[in-house]
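What follows is a set of notes on a single structure, which appears directly below.
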Amino acid sequence: MNEYDSDRIYDLTSTVGFNKTDIKKEADCFVLNTCHIREKATEKVYHEVGRVKKDFRNLKKPLVIVSGCVAQAESNEMIKREPYIDMVIGPQSYHKIGDLILDYERRKKKINETEFDVVGKFDLLEKIPNSQNKISAYLTIQEGCDKFCHFCVVPYTRGPEYSRPFDKIIKEAKNLVASGAKEIVLLGQNVNAYNYNKKYKLSSLIRELNDIKNLKRIRFTTSHPKDMTEDLINCYKDCEKLMPILHLPIQSGSNKILQLMNRKHNREYYISIIEKLKKIDKNIKISSDFIVGYPDETENDFQDTMKLINKVGFVNSYSFIFSPRPGTPAATKKLNNLSEVKLRLQKLQNTLDNLQHKNNKAYLQKNCEVLIENKLNNQEKYFGRTRYMTPVVLEADNCKPGDIVNVNITSCSQKSLFGICKTNKVKAA
Ligand code: SAM
Ligand code: SF4
């Protein structure tokens, strides 16, 4: 979602005369679009501002803007801690960035803009063309969260659940396709909680996108298990453009921990969703998020998570050590012993890595369908992704970004596949 927001922030700053530069020292303005999900992310922001400060020690000071969820959570405190920062802008008010820059240039007064104005934001964004021009394009359909998992800052930094109007999303999707997108990734903190006017759900959007002629692939992320309703599950049956992989965070395999986290689902319910999906298509794959070392997690709880991982056989998953976030209910709970937690994380990540590697090895010497996203810099090779999102580096003679090609996989690493596109026959993009 931050990638989508960053692209849109760029679109907005270009309306007041800014262009992107790859030469750091030539920049007049830095926008650091930030994430507040774990503590490490917050500290990285201050380090990055420190680096800009150092680089510009003998040069004219650039305008330094911190946007995103760190700005929302820390607000004025950021400017107090690091006066090199000129402006903080929360994730629901970044549409004002152009006016705020002009205002700063006039008055040279520090700015703190952290209002929740999500309706105003999308109203304005709809008037400014999305210039992503990517083969795989992000499209935000929903923001915020009402679920209040006890570890998570999102309900406080992004605000309550908001679903964008159905017709505006379809219009943006059609524009993205007209400017070259072949894949659309629908985004939301709780993407499957999308509900516009109690009439349109995520399944309605997927069905409508499925009929857009030049669109080839549809994905959505991130989903909450509680909102995996039958109508959405049935899209995997009816919509051939919906890719057969679902990112469905579970966080823990222990019912005790899931309850302490206020996750509103248990392990059995989670498994029942996967069973329903596999009944539709046995080749559907699942990826997930895991938090290790949540307060009160015992070795038995951790083993429940490991058993679940082996039972489901996840691919491409993410795992984190619990990070206490100020203001959330879990932040005041007693932490587990850090060295034990680190060992647990390592065991869990080893298992996830092995599953991923095993999954990739199964492709060796086989053909798989790849959507080419771009040509690699200074190389004759291309980068693309399989239907399951796995990155592929391939050699090919007569293809271009946007083509869907058959690639013979010759080698693999844990994360990526490598291959050759031998046939001249490519699917018309
Ligand atoms: N809405 C999604 C869901 O319900 O699963 C998750 C979105 S959250 C922005 C992304 C991931 O960050 C979570 O799935 C969780 O694993 C991780 N996360 C969130 N808060 C965390 C914390 N305090 N410590 C460690 N990981 C955290
Ligand atoms: Fe955070 Fe997801 Fe829980 Fe909402 S549902 S509080 S975004 S982890």
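Numbers here simply count residues along the sequence, with the first being 1. Atoms within each ligand, like the ligands themselves, are counted from 1 in listed order.
Residue contacts with ligand 1, taken as heavy atom pairs separated by less than 4.0 Å, involve Ile321 solely via the backbone atoms N, CA, C and O. At a heavy-atom distance under 4.0 Å, only side-chain atoms of Phe320, from C-beta outward, approach ligand 1. Only the side chain of Pro155 comes within 4.0 Å of ligand 2, counting heavy atoms alone; its backbone N, CA, C and O stay farther away. By the criterion of a heavy-atom distance under 4.0 Å, the side chain of Asn190, and not its backbone, is placed next to ligand 2. Only backbone heavy atoms of Gln189 (N, CA, C or O) come within less than 4.0 Å of ligand 1; its side chain stays farther off.
Of the candidates Ile250, Ile291, Asp289, Asp289 brings a heavy atom nearest to atom 14 (O) of ligand 1.
Geometrically, Lys168 does not engage Phe122 in a cation-pi contact defined by less than 6.0 Å to the ring centre and at most 45° from the axis.
At least one donor-acceptor pair closer than 3.5 Å links the side chain of Thr157 to the backbone N or O of Val153.
Residue Val154 approaches ligand 1 through these ligand atoms, each under 4.0 Å from one of its heavy atoms: 9 (C). Short contacts between ligand 1 and Arg263, defined as distances under 4.0 Å to a heavy atom of the residue, involve ligand atoms 3 (C), 4 (O), 5 (O). Less than 4.0 angstrom separates some heavy atom of Thr222 from each of these atoms of ligand 1: 2 (C). Heavy-atom contacts of His224 reach the following atoms of ligand 1: 4 (O) (cutoff under 4.0 Å).
Aromatic ring centroids of Phe418 and Tyr363 lie 6.0 Å or more apart. Two rings, from Phe166 and Tyr196, have their centers 6.0 Å or more apart.
Of the listed residues (Phe302, Phe314, Phe320, Tyr318), just one forms a ring pair (Phe, Tyr, Trp, His ring centres under 6.0 Å) with Phe290, and that residue is Phe314. Each of Leu242, Val185, Ile206, Leu186 was evaluated against Arg219; a single residue qualifies, Val185, per the side chain to side chain contact (heavy atoms under 4.5 Å, CB included) test.
In terms of protein heavy-atom proximity, atom 19 (C) of ligand 1 is closest to Ile37 CG1, 3.4 Å. Summary of contacts: the protein heavy atom closest to atom 15 (C) of ligand 1 is Gln251 OE1, 3.4 Å. Atom 5 (O) of ligand 1 has as its closest protein heavy atom Pro249 CB, 3.1 Å. Looking only at protein heavy atoms, the nearest one to atom 22 (C) of ligand 1 is Ser323 O, 3.6 Å.
Contact of the Lys226 side chain with the Asn192 side chain is not registered, since no non-hydrogen atoms from C-beta on lie closer than 4.5 Å.
Counting heavy atoms of neighbouring residues, nucleotides and ligands inside a 6.0 Å radius, atom NZ of Lys279 does not exceed 12 of them.
Within the 2.8 Å limit, Cys145 places at least one N, O or S atom next to atom 4 (Fe) of ligand 2.
Between Phe151 and ligand 1, a contact under 3.5 Å exists for at least one N or O pair.
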